[in-house]
Structure formats: C-alpha cells, structure tokens
Amino acid sequence: MSYPPPPGGPGGTYPQGQGGWPPQQTGVPYPPQAAPGPYGYPPQPAAPVQGWPGPPHTPYPQLQPQPQPPGAGGGSGGQGGSGLKKAVIGVVVLAVLAVLGIGGLAAYRAFGDGELPTAAGGAQGEQLLDEDDIEELLDGRSQALRSGDEDTYLAPFTGAAKDTQKNLYENLRKIPFAQAEYSVLSKTGTGADEYGDGATVALDVAFVHKIQDVDVRPVSEWYRWIIKRDSKDAEPRITKVGPAPGAFGAKNYVFYPAPWDLYADMHVVKKAHTLTISDKKHAADTDRYAPYIEKAAADDIALWKADGPEDTETPTGFVTVLEPDRKTYSSLYGSPYVEWEAGQSVAMPTFDAGFGGDKKDLEYGGARIKMDMSGSRFTNATYWPKLVKEISHHEFAHAIVQPLEAASGGFAAESNTRWWVVEGFADYMAFRFDTELGEWNVRNDVTGKEFSGKLPGSPGFGDEVGTGYTVSYLAIRFIAEKNGDTAALRFVAEHYRAPGRLDQQLREATGMGESQFQAAWASYVRSHS
C-alpha cells in the first residue's frame with residue numbers, strides 16, 4: 001500500500017470528517033513522506049530458469065513510490081505464493097535430486113558418497129570422512145544446541161568459523177525453537193585422503209527448525225560447511241561456514257542470512273503472539289514498536305479464529321525483524337525486493353514438502369517478516385502507532401494464510417493465487433481494524449485516478465501502485481460487505497488452496513461468477529471514486 005502526501009501536495013492538510021484523518025493537534029499539516037530510492041527490481045539471478053515467477057507476494061511499498069521508466073522492473077507481480085514454491089520445490093529438485101524428501105543421511109548416501117580414482121593408478125585413498133563421521137558431526141551440533149552445551153557445539157569449529165558460530169549459537173539460544181537440528185543436503189568431495197594431505201569436503205547443510213507457535217511445519221536455512229580431517233587420529237574440523245551456493249546460481253532460495261547470522265547481539269522482544277527482532281543497538285526503538293506489532297498480531301489471529309474457516313492450519317504467532325539499514329534489510333533471508341518496499345513476508349517452504357511423505361502435507365511451513373524501520377511508517381512523529389499497526393496487520397495476514405497455499409499445477413496464470421486476492425486480503429485485514437485509514441487510502445488512491453475496471457494482476461508502476469493495492473482491498477471489502485467476514489475469509493482460504501477454481505469460489509462467496517463479479521466490483525470501486 002502506498003501512502004502519498006496529503007491532498008493538495010506537501011503543504012496540504014487532511015480533510016476533517018467523513019472518516020478522514022484529523023490534522024495534528026498542533027495544526028501543522030501532516031508531513032509528506034520521504035521519497036524512497038529508485039523504483040525497480042534487482043537483476044535476475046545467475047543462470048535464470050526461463051519462466052520463473054516472482055516472490056510470494058509483492059513487497060509492501062514505502063510511501064510515495066517514485067515512477068519507474070517504461071519497461072523497467074519486473075519479477076514481483078501477480079504470482080502469489082507459487083513463485084518461490086516453484087523455485088524451491090521445482091528447481092531445487094533438479095539441483096539436489098529431491099534431497100528434501102529423502103532425508104539428510106539418505107541424500108548423502110544417494111549422491112554424496114561416490115568413489116573417485118586417485119592420481120596414483122586409480123587406487124582409492126584412505127577414507128577419512130565417511131557417512132558416519134558426517135552424521136556424528138551434525139547430530140552433535142543439533143544435540144548441543146538443544147541442550148545449551150556451548151562448548152560442545154563449538155568444539156569442531158576452528159579459526160574465524162568458531163567466532164561466527166559462537167555468535168550464531170548465542171543468538172539461536174534466544175529463540176523458542178520447538179525443533180532445531182542440522183541435516184545433510186549434499187556433499188562435494190569423496191572424503192578420502194587421496195594425496196596424503198588429509199581429506200576435505202564441502203557439506204551443504206540445512207538448519208531445519210520450527211519456531212514455537214510461528215511455524216506449522218519445519219522450515220530450513222541452508223549453509224555450506226567446509227570440513228577438514230588430517231588423519232584417522234585427528235578429529236574432523238569445520239574450517240569455514242557460509243551460505244549454501246543456491247539452486248542454479250539463485251541465492252534467493254537458501255534463506256540466508258537470517259537475523260541470527262547478521263547481528264553481533266540479537267535483541268528479541270517476546271510477547272504472546274510475536275517475536276520482534278533487531279540488532280541490540282536498536283533495542284530502544286524495537287521495544288517502543290513491539291507493543292503495536294503485538295496488538296496487530298493479536299487482532300489478525302483473533303479475527304481469523306472468529307470468522308476464518310475452522311479446517312485451516314495456521315500460525316498463532318509471528319517473527320518480525322526490524323532493520324533500518326537498507327543494505328542489511330535487503331539482504332535478510334536472501335529475498336528479492338524492490339527499492340520502494342517497506343516490508344515483506346517471506347514464505348518458508350516446509351523442509352520435506354511434496355516428496356516421499358503425505359502428499360496432502362503443507363507446501364509452506366511458515367513465513368518470516370521483515371520491515372524497514374527507517375521508513376516513515378516508523379518515523380512519523382504523530383501517526384507512527386497507527387502506521388506500525390497497519391503494516392503489521394498487512395504482513396501478518398500474509399503469514400496467516402501462507403501455509404494454506406496448495407501445490408501449483410504449473411506456470412500458467414490460472415494455477416497461481418491471484419495478486420488481487422493476495423494483496424487485497426492483506427490490506428483488508430489492515431483496514432478492517434482502522435476504517436479511517438482505509439477510507440483515507442480510498443480517497444487518495446482511487447478518487448480521480450484512472451481505473452480500467454479490471455481486477456489487477458500486479459501492482460503496476462509509479463502512481464499505479466497505490467491504486468493497485470487499494471482497488472484490490474476494495475474487492476475483498478466488497479465480498480465482506482455483501483456476505484460478511486466469514487464469506488470473505490473463506491473465499492481467501494479456498495483460493496489459496498485451489499487457485500484454479502476462482503470462478504467457483506466467487507460464486508460460493510458472492511453468488512457471482514468471475515466476469516459478473518468483476519463488473520459488480522468495478523461499479524463498487526467507481527462509487528467510491
């Protein structure tokens with residue numbers, strides 16, 4: 001959702017009455033929001049796969065997005081949650097032969113333990129790092145993390161890797177994990193002492209974890225460990241730790257770095273429904289914002305519990321990272337972003353979804369939310385409590401329904417969750433708890449603006465962004481006004497589960513098929529413009 005300056009330009013004031021925001025008590029006009037950087041998307045990843053869709057949902061814009069030149073940008077609109085799912089569940093399968101489904105040790109046996117001849121006449125060198133050594137190394141770290149045994153956890157790490165892992169360990173211990181363990185993804189190298197100088201392997205490792213009340217299934221972050229063993233008499237050493245290289249050169253899908261990788265001292269505010277995280281140096285600001293973030297979480301969860309479908313498995317808590325440095329913010333979870341975004345809910349695939357288990361299991365285990373704490377929603381002197389709750393309501397709405405998303409049938413548009421449903425629902429949840437703010441957005445994003453009468457498939461560019469979000473919000477609001485919150489929330493849930501059945505879902509929610517609904521919605525939008 002885009003927040004432009006008040007009507008009449010930077011010097012204007014907000015109208016009173018009719019649901020509008022009142023002027024500040026001092027009588028000073030509501031200040032214009034700071035303009036973000038250049039509007040645009042990052043370049044495609046190395047060796048891109050033809051036809052990759054965008055991220056799980058369009059990142060939430062900062063206020064006043066700047067116009068984009070024609071033809072610029074791309075990659076983030078209209079694909080709902082299926083983009084990330086296809087990249088992880090499709091491309092990664094090709095990259096690691098479906099290791100997520102067959103398990104860590106099985107993956108090691110399947111393609112990590114091959115025999116390679118040595119330079120000396122093809123004789124195999126002494127095996128120094130076999131599957132039992134690898135299993136013991138990973139299990140030891142998992143057990144030590146769970147038990148709180150820092151010395152044991154750090155024992156195999158050396159040099160700079162030991163320093164970084166000590167910091168990581170201390171950060172991880174601040175998180176209430178219901179599950180936390182390391183699992184093999186793949187191994188490069190035979191583990192044999194082929195040249196008499198010991199054995200070295202590169203081990204791609206999944207940190208498989210489930211945060212209490214936040215994740216409904218285990219999710220993972222991928223690392224690469226370099227393991228060295230000089231001889232059978234020596235203990236294996238982990239000499240280097242970093243992110244796994246990714247799938248087909250795309251680092252966006254290893255979910256590194258998490259905040260526990262970034263911060264020398266991670267600050268965590270724990271409340272009933274939220275973990276709000278930042279660097280310790282921003283603790284005072286984080287403590288100030290955390291109660292408003294918690295209030296938004298409690299609102300969204302209560303509404304879904306009261307009026308959402310009873311047969312859904314959804315989270316009852318959320319993780320939010322607040323980061324004011326734009327470079328650090330953009331790196332979090334390796335997720336694609338646009339320069340104008342204010343926040344993003346990053347979908348986290350279930351670790352073994354879709355392979356070798358119950359095919360009805362969930363594709364997504366949860367979500368991770370990040371927000372730009374330098375944005376005007378957080379820094380506005382007067383309205384920051386309202387605006388912090390608004391963006392929190394929006395992002396938590398995404399996180400609530402993310403586990404509902406079904407396996408996609410392909411790259412065709414009809415197999416993906418519609419952009420207007422994804423973002424319209426998130427804004428509906430935001431403005432459901434702040435009708436004045438919702439009406440203000442309608443007046444500023446719809447009134448007097450060009451309107452095609454078609455349900456949007458993307459946010460558009462420049463000034464179109466705010467309109468795209470707001471008319472999508474009006475689509476979900478139209479359903480709710482017609483048949484109540486229960487109908488609107490069930491429609492969203494069913495669309496996430498089966499995006500190819502949009503026409504039938506609209507008939508069930510409103511009594512109208514897709515074309516009839518679009519015409520009625522267009523009239524509804526025009527009545528508010």
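Source: prediction; values computed, not measured. The figures here come from the full heavy-atom set of this structure, side chains too, leaving out hydrogens, waters and symmetry mates.
Here the closest heavy-atom approach between residue Phe451 and residue Ala522 is recorded as CE2-O, 3.8 Å. Between Met373 and Pro324, the shortest heavy-atom distance links the atoms CE-CD, 3.6 Å. A pairwise comparison of heavy atoms in Trp419 and Gly468 identifies CZ3-O, 3.4 Å as the closest pair. Across every non-hydrogen atom of Thr314 and Ile400, the tightest pair is CG2-O, 3.1 Å. Of all the heavy atoms in Ala475 and Leu455, the pair that sits closest is CB-CD2, 4.2 Å.
Ring pair Tyr333/Phe255: centre-to-centre distance not below 6.0 Å. Centroid-to-centroid, the aromatic rings of Tyr253 and Trp222 stay 6.0 Å apart or farther. Under the 6.0 Å cut-off for aromatic ring centres, Tyr473 and Trp420 do not qualify, their centroids lying 6.0 Å or more apart.
Note: Asp213 CG to Thr316 OG1 = 4.0 Å, rounded to the nearest 0.5 Å. Atom CE of Met371 sits about 6.0 Å away from atom CD1 of Ile369, to the nearest 0.5 Å. Atom CD of Glu439 and atom CZ of Arg443 lie 6.5 Å apart (nearest 0.5 Å). Atom OG of Ser392 is separated from atom CE of Met429 by 12.5 Å, given to the nearest 0.5 angstrom. Note: Leu387 CG to Ile391 CD1 = 9.0 Å, rounded to the nearest 0.5 Å. Taking CD of Glu494 as the start and OG1 of Thr312 as the end, the distance is 10.0 Å to the nearest 0.5 Å.
Inspection of the Trp260 and Glu221 side chains reveals an N or O donor paired with an N or O acceptor under 3.5 Å. In summary, the side chains of His394 and Glu423 do present a donor paired with an acceptor at a separation below 3.5 Å, with no hydrogens or angles considered. For the residue pair Gln344 and Glu341, a side-chain donor N or O sits within less than 3.5 Å of a side-chain acceptor on the partner. Side-chain contact check for Glu514 and Gln518: no donor-acceptor pair (N or O, by modelled atom type) lies under 3.5 Å. Side-chain contact, Tyr428 with Asp485: a donor N or O sits under 3.5 Å from an acceptor N or O. For the residue pair His273/Glu294, the side-chain donor-acceptor check at 3.5 Å is satisfied. In the model, Lys370 has a side-chain atom that pairs as donor or acceptor with a side-chain atom of Ser335 under 3.5 Å.
Listed by first then second residue, pairs satisfying ring pair (Phe, Tyr, Trp, His ring centres under 6.0 Å) with a partner in residues 308-332 read Phe318-Phe396, not counting sequence neighbours.
In this structure, the side chains of Ser529 and Val446 come closer than 4.5 Å at one or more pairs of heavy atoms. Val471 is listed as a side-chain neighbour of Pro456, based on a closest heavy-atom distance under 4.5 Å. Residues Ile277 and Ile175 have side chains in contact (heavy-atom distance under 4.5 Å, counting atoms from C-beta outward). Between Leu437 and Glu390, some side-chain heavy-atom pair lies under the 4.5 Å cut-off. Looking at heavy atoms from C-beta onward, Leu332 lies in side-chain contact with Leu262 at the 4.5 angstrom threshold. Put simply, the side chain of Trp521 does not reach to within 4.5 Å of the side chain of Ile479, judged on heavy atoms. Residues Phe431 and Glu436 have side chains not in contact (no heavy-atom distance under 4.5 Å, counting atoms from C-beta outward). Contact check for Asp287 versus Val269: side-chain heavy atoms found under the 4.5 Å cut-off.
In this structure, His495 has no ring-ring contact (aromatic ring centres under 6.0 Å, His included) partners at least two apart in sequence or on a different chain. The side chain to side chain donor-acceptor pair (under 3.5 Å) check on Glu323 picks up Tyr263, with sequence neighbours excluded.
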Evaluate the criterion side-chain contact (heavy atoms from CB on, under 4.5 Å) for residue pair His393 and Lys295; output intermediate values, then yes/no. CA-CA 9 Å; His393 280 301; Lys295 178 61 167 65; 5.9 Å; no
Can Ile211 and Leu275 be said to form a side-chain contact (heavy atoms from CB on, under 4.5 Å), step by step? CA-CA 10 Å; Ile211 298 177; Leu275 296 174; 3.9 Å; yes
Salt bridge (charged side-chain N to carboxylate O under 4.0 Å, His left out) evaluation trace for Asp434 with Lys386: CA-CA 8 Å; Asp434 194 333; Lys386 176 187 285 281; 3.0 Å; yes
Between Trp384 and Thr379, does a side-chain contact (heavy atoms from CB on, under 4.5 Å) hold up when you go through it step by step? CA-CA 6 Å; Trp384 69 264; Thr379 61; over 6 Å; no
Step by step, would you call Arg217 with Glu313 a salt bridge (charged side-chain N to carboxylate O under 4.0 Å, His left out)? CA-CA 10 Å; Arg217 293 290 188 276; Glu313 191 171 4; 2.7 Å; yes
List the steps, then state whether side-chain contact (heavy atoms from CB on, under 4.5 Å) holds for Asp307 with Arg490. CA-CA 8 Å; Asp307 294 311; Arg490 176 163 289 280; over 6 Å; no
Apply salt bridge (charged side-chain N to carboxylate O under 4.0 Å, His left out) to residues Glu450 and Arg526 and explain how you reach the verdict. CA-CA 10 Å; Glu450 184 177 347; Arg526 291 188 179 102; over 6 Å; no
Phe425/Phe491 under ring-ring contact (aromatic ring centres under 6.0 Å, His included): CA gap, chis, key distance, verdict: CA-CA 10 Å; Phe425 166 67; Phe491 163 74; 9.8 Å; no
Test log, rule salt bridge (charged side-chain N to carboxylate O under 4.0 Å, His left out), inputs Glu405 and Arg497: CA-CA 5 Å; Glu405 186 162 349; Arg497 287 166 159 168; over 6 Å; no
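Checking side-chain atoms of Ser452 against main-chain N and O of Lys454 turns up a donor-acceptor pair under 3.5 Å.
Using a cut-off of 4.0 Å between Lys/Arg side-chain N and Asp/Glu carboxylate O, Arg432 and Asp300 are scored as not salt-bridged.
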